[in-house]
Amino acid sequence: SEKGKRLVSFEWEVHHEKTLKMIRSLFRKAVFVLAPLSCFALSAQQRDGQTDRDAVVIDYFFTARGVSPAYAERVRSGVVEGFLRRGRHRVIDARMVRELYLEEGIWMNALWGQRETAWQQDLRKKRMGSLGGRFLLVGYVSRAELSRREGSREVDIVFSLTSYDLASGEVSDAQEFRLTGSGRTAGEAEQEAFESLPAKMEYYIDTQFRFETCVLQLEAPDAKGRYKELYLGCGTSQGVRSGDRFLVYQWYEVAGREAVRLLGKVRVRQVFGPQIARCSISNGAEEIARAFLQGDSLQVVSDTRALF
């Protein structure tokens, strides 16, 4: 009914107005403490091989009209945590680096997702590059709705991520994500919705930020002469973990032109350090072994994480 819709809308506004007031209060009291603490926390989680990793600058997130900044901040925090957990990049939190902004007022506005002019954004991208950033990640929260159905609460959040390669200028297509949850209260519904965010971020990072490596050597064949394992030239420096998958390609020549074909797939079994990983050959073992022993040019590209 119309009265029920107004009641849900009122509850939504009250719930998020309280959240916003709390965030603003904490921010005013601790704004000059957040930056050093944030940088310390990020660096503490990125010590192992961090200098060998590309840096991703995670910018503030824009919001559509009517979307609570509290939701945008929660989505953004989940994205930051996802990148930290995957371990493939050094993470730079743009909101905590005040040198990226032209003046104090713009930095304060950025904390609440207010847009910049094109000139301000271009200059800030250059400053991001000067800090060692390779990629820039920008988010947009287009929907954050709370509804009531049969005595429960349902949350529906839609956001998108766009990445910029600051070195090449290449811009990725925006990837859209949806978080949904239900519960007896708004808090329970939100918790269920955000529980799916880590897995979504891991898949996004694996597919959007692929990297190349090489085959170092083949493990000795078994009693029947079959090659079942090999070693790749990657490891903790790229955030490689047990279960990660890689695709092995072979470069060859056709009528004087270079072509490439997929030989097989490998799965990481053990990581020995920054630049070595032992893998089992999932398929294409004979083709991979033959090409490697012949000295052919092989290209190994990271793939999504294995589900088995």
> Looking at Y227 versus F292, is the centre-to-centre ring distance below 6.0 Å?
Replying inline: no
>> When you measure from the side chain of R245 to the backbone of R267, do you find a donor-acceptor pair of N or O atoms at a distance under 3.5 Å?
In response: no
>> Please determine whether a side-chain nitrogen of the Lys or Arg among D244 and R86 lies less than 4.0 Å from a carboxylate oxygen of the Asp or Glu.
In response: yes
> Crowded around Q294 CD? As in, over 12 foreign heavy atoms under 6.0 Å?
Replying inline: yes
>> Restricting to non-hydrogen atoms, name the atom on T180 and the atom on R178 that form the minimum distance, rounded to 0.1 Å.
In response: CG2-NE, 3.8 Å
> How far apart are the C-alpha atoms of S280 and R269, what are their side-chain angles, what is the distance that settles it, and do they pass the side chain to side chain donor-acceptor pair (under 3.5 Å) test?
Replying inline: CA-CA 7 Å; S280 60; R269 292 295 184 184; 3.1 Å; yes
> Hey, is OH on Y203 packed in by over 12 heavy atoms from elsewhere, all under 6.0 Å?
Replying inline: no
>> Quick check for you: to the nearest 0.5 Å, what is the distance between Q299 atom CD and E212 atom CD?
In response: 4.0 Å
>> I'd like to know if L166 and V171 are part of one continuous hydrophobic network [Ile/Leu/Val/Met/Phe/Trp/Tyr, side-chain heavy atoms within less than 4.5 Å].
In response: yes
> Would you say L216 and V240 are hydrophobically clustered, going by side-chain heavy atoms of ILVMFWY under 4.5 Å?
Replying inline: no
>> Against the six-membered ring of F194, is R74 placed for a cation-pi contact (under 6.0 Å from the centre, within 45° of the normal)?
In response: yes
> So, do L230 and L218 sit near enough that their side-chain heavy atoms are less than 4.5 Å apart?
Replying inline: yes
>> Is it the case that the side chain of S302 and the backbone of F211 share a donor-acceptor pair, with hydrogens and angles ignored and the cut-off at 3.5 Å?
In response: yes
> How about K200: does its NZ atom have over 12 heavy atoms from other parts shown lying under 6.0 Å from it?
Replying inline: yes
> Of all heavy-atom pairs between T63 and A72, which one has the smallest distance, and what is that distance?
Replying inline: CG2-CB, 3.2 Å
> Any idea which heavy atoms bring G181 and E192 closest together, and the distance?
Replying inline: CA-OE2, 3.3 Å
> Is the ring centre of F83 less than 6.0 Å from the ring centre of F135?
Replying inline: no
> Are L293 and Y231 co-members of a hydrophobic cluster defined by side-chain heavy atoms under 4.5 Å apart?
Replying inline: no
> Does D54 come within less than 4.0 Å of R90, counting only side-chain N to carboxylate O?
Replying inline: no
> Taking the six-membered ring for Trp, are the ring centroids of F159 and F62 within less than 6.0 Å of each other?
Replying inline: no
> Mind checking whether R88 and D206 have side chains closer than 4.5 Å, heavy atoms only?
Replying inline: yes
> Could you go step by step and tell me if S77 and E81 meet the side chain to side chain donor-acceptor pair (under 3.5 Å) rule?
Replying inline: CA-CA 6 Å; S77 296; E81 181 62 25; over 6 Å; no
>> In the structure I gave you, are the side-chain heavy atoms of L298 and Q250 within less than 4.5 Å of one another anywhere?
In response: yes
